[in-house]
Amino acid sequence: MSLKIQTLSGYFHEYQKSVLNPEAFWERIADTFHWKKRWDKVVEWNFEEPKIEWFVNGKLNITENMLDRYLYTAGDRTAIIWEPNDPSEEVRKITYRELFDMVNQFSNTLRANGVGKGDRVIIYMPMVPEAAVAMIACARIGAIHSVVFAGFSSNALADRINDCKAKMVITSDGNFRGAKTIEVKKVVDEALEKTETIEKMIVLKRTGTEVTMQNGRDIWWHDAIKGHEGEAQAESMDAEDMLFILYTSGSTGKPKGVVHTTGGYMVYTYFSFLNVFQYKTGDVFWCSADIGWITGHSYIIYGPLLAGASIVMFEGVPTYPNPGRFWEVVDKHQVNEFYTAPTAIRALQAFGQEPLEPFKLDSLRVLGTVGEPINEEAWHWYHDHVGKGKCPIVDTWWQTETGGILVSPIAGITPTKPSYATLPLPGIQPVIVDNEGRELRGNSVEGNLCIKYPWPGMLRTTYGDHERCKQTYFSSFNGYYFTGDGVKRDEDGYYRILGRVDDVINVSGHRMGTAEVENAINEHPRVIESAVVGYPHNIKGQGIYAFVIADLDDRTVQNLTNEIKVTVNNIIGPIARPDKVQIVPGLPKTRSGKIMRRILRKIASGDTDNFGDTSTLLDPDVVDKIMEGAREIDQ
Ligand code: WT7
């Protein structure tokens with residue numbers, strides 16, 4: 001029987017089977033892969049410790065299931081179609097056989113440079129095929145990759161290197177991003193001044209930017225790979241050996257390293273990719289995310305390559321050299337499934353239909369979105385003008401921690417509703433609980449989104465700090481994995497994600513902890529205290545609004561707010577830069593000293609009619625003063 005759901009009744013049937021007998025359900029899918037040794041038990045788990053193990057004692061190498069398995073059957077099929085930042089630069093097409101050779105050569109290179117099973121390797125690279133090669137080569141030799149989005153600052157990079165005690169960094173001389181060239185190697189050099197564990201740096205030449213190579217530590221990619229051709233033996237990995245660490249923000253100040261393991265992640269990304277997008281052999285799949293995020297891991301690299309798909313990897317940005325670029329790429333490479341973020345859709349929608357006009361877009365069959373709730377207007381624009389009314393939209397809800405898509409339509413099969421992620425994939429058991437942790441059964445309910453049964457793609461721990469994993473995800477509601485999202489289940493049983501219920505904001509589909517931004521702001525020597533909240537933003541979904549108590553000294557307010565923005569930029573990166581900074585005389589605190597963020601959130605969104613109960617405020621007058629100041633900021 002096929003692993004691909006074909007009909008709506010087929011979906012309900014599979015779903016039911018997956019709940020009645022999860023082990024049999026997942027075993028059937030896992031059995032389609034090549035294992036060096038079959039598992040003894042499908043799943044072993046409890047959400048108290050938590051302990052989650054899938055395919056216990058199974059041995060495998062995920063890269064054999066991505067590359068070796070297609071060598072003889074589909075070696076000449078294109079694996080990667082690389083579209084450069086500059087449309088006049090040549091496209092690169094890499095077949096499965098070529099990718100196999102590149103990965104093997106780089107695996108040998110890593111080994112020759114002292115990297116082996118269990119070592120951590122940081123990848124800080126542009127969207128080029130070598131970035132994919134670096135990730136897959138790590139997986140082949142059992143090294144644990146941690147990709148850091150190349151827009152993060154040297155401080156943020158150093159924190160991540162230190163947290164996982166990485167041995168190697170793989171980077172480039174520079175990155176092309178739209179009209180800009182970013183000197184990436186310099187950022188890494190700066191980061192390495194604050195770290196002690198890195199022994200080697202491999203540097204890909206991409207922009208020709210001048211760099212300083214440190215003798216004995218830094219090696220050019222093209223020199224490093226010389227003489228390392230030939231097959232690299234794929235390390236035998238336990239199903240529960242770590243595959244990668246990916247850092248993500250939470251409600252505390254420090255990003256955490258989400259850990260994914262080998263066997264379960266493989267099974268889950270493959271299964272979800274195949275079904276959600278209804279991928280069929282020969283299709284061209286394009287996910288426009290960066291490999292620095294989980295979407296890039298699961299739906300550019302692992303899921304699609306496990307399925308033998310041809311993927312588009314795009315180096316550039318949606319608006320360069322013009323806002324028709326996405327559509328040009330779709331036509332040029334005859335993309336069948338296109339997966340992007342609501343923020344990109346809204347940004348392009350702002351240019352109207354004109355940029356779309358020169359393009360046919362008739363290869364498109366499925367459109368997807370991810371990262372944040374999609375507003376109805378953007379949904380309709382995407383559906384009508386990009387999909388020409390013919391392509392189902394899959395609004396896919398998931399998280400860095402979930403490894404793959406959990407709630408989503410099955411393309412063309414599940415009837416869609418704008419702004420609804422619709423129904424859980426087979427194997428996923430969502431529950432809605434109230435603030436006391438009581439499960440709300442039936443339809444037409446709203447509350448906190450939890451999952452009550454494990455699935456193979458879920459996180460196993462947070463690197464180096466299991467207690468934190470337990471506290472963050474398994475302690476809020478007893479016996480459940482808590483997502484941090486609010487959700488509604490409507491009268492049809494469809495799920496609509498309402499956004500975060502914790503102190504996390506979602507800026508252009510990227511998760512930001514308010515505490516993390518506050519910590520960065522507080523680094524400015526004139527800042528006394530700050531409180532950060534999200535507010536509705538037309539393009540980004542949410543913008544960052546910072547209320548700051550500061551000692552102006554001899555600065556103007558304008559100068560100080562600019563300095564604060566630059567500080568955040570330097571400490572975290574441009575994605576965390578506050579959109580608005582308001583200098584305030586005080587913050588609305590309760591008598592016990594807790595900031596009432598609810599009030600700040602209302603002021604930031606311009607919704608100041610009713611603040612609810614403010615009787616516990618220490619100094620109610622401060623609210624009026626903040627409101628006055630907020631009006632000035634908006635002008
Ligand atoms: C948070 C996870 C999953 C990859 C990209 C983001 C929000 C994600 C949706 C969606 C509404 C969504 C949630 C979630 N989110 N997808 N389709 N509809 N909200 O990964 O950085 O781990 O963020 O993004 O709030 O918790 P992430």
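The basis for the numbers below is simple: all heavy atoms, side chains too, and nothing from hydrogens, waters or symmetry mates. When a ligand or atom number is given, it counts from 1 through the structure's own listing order. Note that the structure is a prediction, hence the values are computed from the model and not measured.
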Below 4.0 angstrom from a heavy atom of Ile294, which ligand 1 atoms are there? Numbered from 1 as shown, please.
4 (C)

Report yes if Thr400 has an N/O atom closer than 3.5 Å to an N/O atom of ligand 1; otherwise report no.
yes

Of all the atoms in ligand 1, which lie at a distance below 4.0 Å from a heavy atom belonging to Asn506?
7 (C), 24 (O)

Side chains of Asp485 and Trp397: is there a donor and an acceptor less than 3.5 Å apart?
yes

Taking atom CG as the centre, does Asp607 end up with more than 12 heavy-atom neighbours from other residues, nucleotides or ligands that are less than 6.0 angstrom away?
yes

Nearest protein heavy atom with distance in Å, relative to atom 11 (C) of ligand 1
Pro373 N, 3.1 Å

Does ligand 1 come near enough to Asp485 that some N or O of the ligand is less than 3.5 Å from an N or O of the residue?
yes

Just which atoms of ligand 1 are under 4.0 Å from any heavy atom in Asp395?
10 (C), 17 (N), 18 (N)

Would Gly371 count as a contact of ligand 1 if the rule is a heavy atom under 4.0 Å away?
yes

Tyr463 and Ser146: side-chain donor and acceptor closer than 3.5 Å?
no

Whether Trp293 and His510 hold their rings parallel, tilted or perpendicular, with breakpoints at 30° and 60°
parallel

When you check the side-chain N and O atoms of Ser272 and Tyr299, is any donor under 3.5 Å from an acceptor?
yes

Considering only protein heavy atoms, which is closest to atom 3 (C) of ligand 1, and at what distance to one decimal place?
Trp398 O, 3.1 Å

Is any side-chain N of the basic residue among Glu83 and Arg325 closer than 4.0 Å to the acidic one's carboxylate O?
yes

Do the side-chain N and O atoms of Asn570 and Asn155 include a donor-acceptor pair separated by under 3.5 angstrom?
no

Within the 4.0 Å heavy-atom shell around Thr396, which atoms of ligand 1 are there?
9 (C), 10 (C), 16 (N), 17 (N)

Look at the rings of His145 and His297 and say which category their plane angle falls in: under 30° parallel, 30 to 60° tilted, over 60° perpendicular.
tilted

Atom 18 (N) of ligand 1: of Glu372, Gln399, Met512, the nearest heavy atom sits on Glu372

May I ask you to decide whether Glu337 forms a salt bridge with Arg365, counting only side-chain N to carboxylate O separations under 4.0 Å?
yes

Val370 heavy atoms within 4.0 Å reach ligand 1 at atoms 3 (C), 4 (C), 5 (C)

How are the rings of Phe152 and Phe149 set relative to one another: parallel (under 30°), tilted (30 to 60°) or perpendicular (over 60°)?
perpendicular

Under 4.0 Å from a heavy atom of Thr295: which atoms of ligand 1 are those, numbered in the order shown and with their elements?
4 (C), 5 (C)

Specify side chain, backbone, both or neither for Arg500, according to which of its non-hydrogen atoms lie closer than 4.0 Å to ligand 1.
side chain

Protein heavy atom at shortest distance from atom 23 (O) of ligand 1
Arg511 NE, 3.5 Å

Heavy atom of Trp293 under 4.0 Å from ligand 1?
no

